[in-house]
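Numbers restart at 1 for each chain; the letters A, B, ... are given by sequence-line order, proteins then strands.
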Number of protein chains: 2
Amino acid sequence: MLPLLLLAGFRTLIDDLHAELARQGHPELRPAHGFVLQAVGVDGTTASELGQRLGVSKQAAGKTVDRLVALGYLERADDPADARRKLVRMTARGLDGLRRSAVVFDQLRDRWAATLGAERVAAIEDDLRRMVPTDVFRLDVPGWFAG
Amino acid sequence: MLPLLLLAGFRTLIDDLHAELARQGHPELRPAHGFVLQAVGVDGTTASELGQRLGVSKQAAGKTVDRLVALGYLERADDPADARRKLVRMTARGLDGLRRSAVVFDQLRDRWAATLGAERVAAIEDDLRRMVPTDVFRLDVPGWFAG
DNA sequence: TAAGATAGTCAACGTGGTTGACCAGATAGT
DNA sequence: ACTATCTGGTCAACCACGTTGACTATCTTA
């Protein structure tokens with residue numbers, strides 16, 4: 001049951017997050033999008049670098065950017081210093097979604113702490129940190145799901 | 001960090017499982033396949049019912065069965081009592097993969113217990129059980145990842 | 001300046017999902 | 001017994017998200 005429970009815990013949190021985000025004006029935001037917005041970051045990036053951060057090909061990253069651009073969460077701009085590069089950065093809407101995600105995650109963690117106790121939640125986090133390889137999902141990406 | 005750690009914990013377990021399954025003669029088995037084999041069960045089922053168990057459409061379930069049949073893990077047979085139904089059941093290879101998954105999951109849980117202590121692992125499971133809705137991922141499906 | 005590395009894109013494809021349409025077979029109601 | 005409806009499986013078209021390989025444009029470096 002351990003693996004299923006970990007997955008179910010993650011999905012519960014993510015489902016709750018997206019239900020709340022939909023309520024707050026972001027119904028099109030899908031679970032994967034949060035990872036992408038986080039990886040783009042407030043400073044922006046390029047499709048190639050985004051691919052590296054997410055651990056996928058530059059082509060896959062490019063397609064994902066296309067979709068987020070179509071949804072109004074990202075925009076592309078030319079790099080004045082390098083005509084090959086297209087800078088990818090968040091729009092105001094993207095930034096809004098990202099900020100709300102962080103807030104909602106904080107609230108959800110508080111809800112877990114209210115039920116289980118803050119120590120138990122902290123213990124789960126400590127235990128998991130000990131069991132997962134440090135580079136899984138590049139948890140060192142600045143600001144990864146700040147919540 | 002909580003949601004990411006839960007996901008990373010799950011992925012670590014699943015990655016370890018599939019690395020070991022590949023070593024034991026099942027390199028084509030993908031994470032999603034375990035769920036499907038488990039949902040088919042030793043008694044077999046039909047595409048429609050499989051879809052219900054997995055929470056996807058009957059068409060999606062049918063396609064997934066196609067792939068597992070092509071890999072030699074499932075087979076289809078006519079239902080003598082109902083000419084519309086096509087029974088889906090595991091082949092010997094499917095059963096072997098499922099059994100090995102259960103064994104490896106047990107071993108991985110033991111490894112976690114060896115590092116964290118059996119009480120901590122049990123505490124994580126208890127806490128998660130309290131936080132996830134009982135029907136998430138239909139955990140009540142008989143034999144769900146027995147490990 | 002010629003050669004090589006890098007950024008982005010296009011095309012083809014695989015996997016896992018969706019809807020809608022449709023046919024064949026089972027079942028219920030009159 | 002016959003018609004109407006429900007159900008199981010499949011086909012087609014499509015979408016999200018990933019892959020590789022090939023190609024162009026541009027920057028970097030020897």
Visitor: Between B/R120 and B/E125, is the closest basic N to carboxylate O distance under 4.0 Å?
Guide: no
Visitor: In whole angstroms, how far is the C1' atom of C/dG8 from the CD atom of A/E49?
Guide: 15 Å
Visitor: Need two values: the first and the last nucleotide of DNA chain D, 5' to 3', having an atom under 4.0 Å from any heavy-atom of chain A.
Guide: D/dA16 to D/dC27
Visitor: Just the rounded figure in Å: distance from C1' of C/dG14 to CG of B/D66.
Guide: 14 Å
Visitor: If each of A/H33 and B/L87 is mapped to the nucleotide of DNA chain D with the nearest heavy atom, which maps nearer the 5' terminus, i.e. the 5' end?
Guide: B/L87
Visitor: Tell me which nucleotide among C/dA12, C/dT18, C/dT6 gets nearest to the side chain of B/V56.
Guide: C/dT18
Visitor: Count the heavy atoms of every other residue, nucleotide or ligand shown that sit under 6.0 Å from CZ of A/R99, and state whether that count exceeds 12.
Guide: no
Visitor: What pairs meet the salt bridge (charged side-chain N to carboxylate O under 4.0 Å, His left out) rule with one or both residues in residues 73-83 of chain B, with sequence neighbours excluded?
Guide: B/D66-B/R76, B/E75-B/R89, B/D79-B/R85, B/D82-B/R84
Visitor: What's the CG-P distance between A/D78 and C/dA7, to the nearest Å?
Guide: 15 Å
Visitor: Check the distance between C/dA24's C1' and B/D79's CG and give it to me in whole angstrom.
Guide: 15 Å
Visitor: How many Å lie between CZ on A/R85 and P on C/dA5, as a whole number?
Guide: 19 Å
Visitor: What is the base-pairing partner of C/dT30, counting Watson-Crick and G-U wobble geometry with both distances under 3.5 Å?
Guide: D/dA1
Visitor: Checking side chain to side chain contact (heavy atoms under 4.5 Å, CB included) between B/L2 and each of A/L108, A/D106, A/V121, which is the one that passes?
Guide: A/V121
Visitor: With sugar-phosphate meaning primed atoms plus P, OP1 and OP2, does B/R67 contact a base, only sugar-phosphate, or nothing at under 4.0 Å between heavy atoms?
Guide: base
Visitor: Output yes when B/D96 and B/R100 qualify as a salt bridge under the 4.0 Å nitrogen-oxygen rule, no when they do not.
Guide: yes
Visitor: Identify whether any heavy atom of B/T46 sits under 4.0 Å from a base atom; if not, whether one sits that close to sugar-phosphate; answer base, sugar-phosphate or nothing.
Guide: sugar-phosphate
Visitor: Any sub-3.5 Å donor-acceptor pair from A/H18's side-chain atoms to A/L29's backbone N or O?
Guide: yes
Visitor: Taking only N/O atoms, report every protein-nucleotides 20-23 of chain C pair under 3.5 Å with atom names and distance.
Guide:
unit_1: C/dG20; atom_1: O6; unit_2: B/Q59; atom_2: NE2; d: 2.6

Visitor: Taking the side chain of B/D82 as its heavy atoms from C-beta onward, which of C/dG17, C/dG25, C/dA5 lies nearest to it?
Guide: C/dG25
Visitor: Would you indicate, yes or no, if C/dG8 has its OP1 or OP2 atom less than 4.0 angstrom from a side-chain nitrogen or oxygen of A/S48?
Guide: yes
Visitor: Please walk me through it: do B/R67 and B/E28 pass salt bridge (charged side-chain N to carboxylate O under 4.0 Å, His left out)?
Guide: CA-CA 11 Å; B/R67 289 173 209 123; B/E28 336 83 324; over 6 Å; no
Visitor: Across the strands shown, which category fits B/A60 at heavy-atom distances under 4.0 angstrom: base, sugar-phosphate, nothing?
Guide: base
Visitor: Are B/V40 and B/L87 linked, directly or through intermediate hydrophobic residues, by side-chain heavy-atom contacts shorter than 4.5 Å (ILVMFWY only)?
Guide: no
Visitor: Find the distance A/K86:NZ to C/dC10:C1' and express it as a whole number of Å.
Guide: 13 Å
Visitor: Treat each ILVMFWY residue as a node, draw an edge where side-chain heavy atoms are under 4.5 Å apart, and state whether B/Y73 and B/V42 are in one component.
Guide: yes
Visitor: B/L98 and B/V103: same hydrophobic cluster, using ILVMFWY side-chain contacts below 4.5 Å?
Guide: no
Visitor: Whole Å only: how far is the CZ atom of A/R76 from the P atom of C/dA7?
Guide: 15 Å
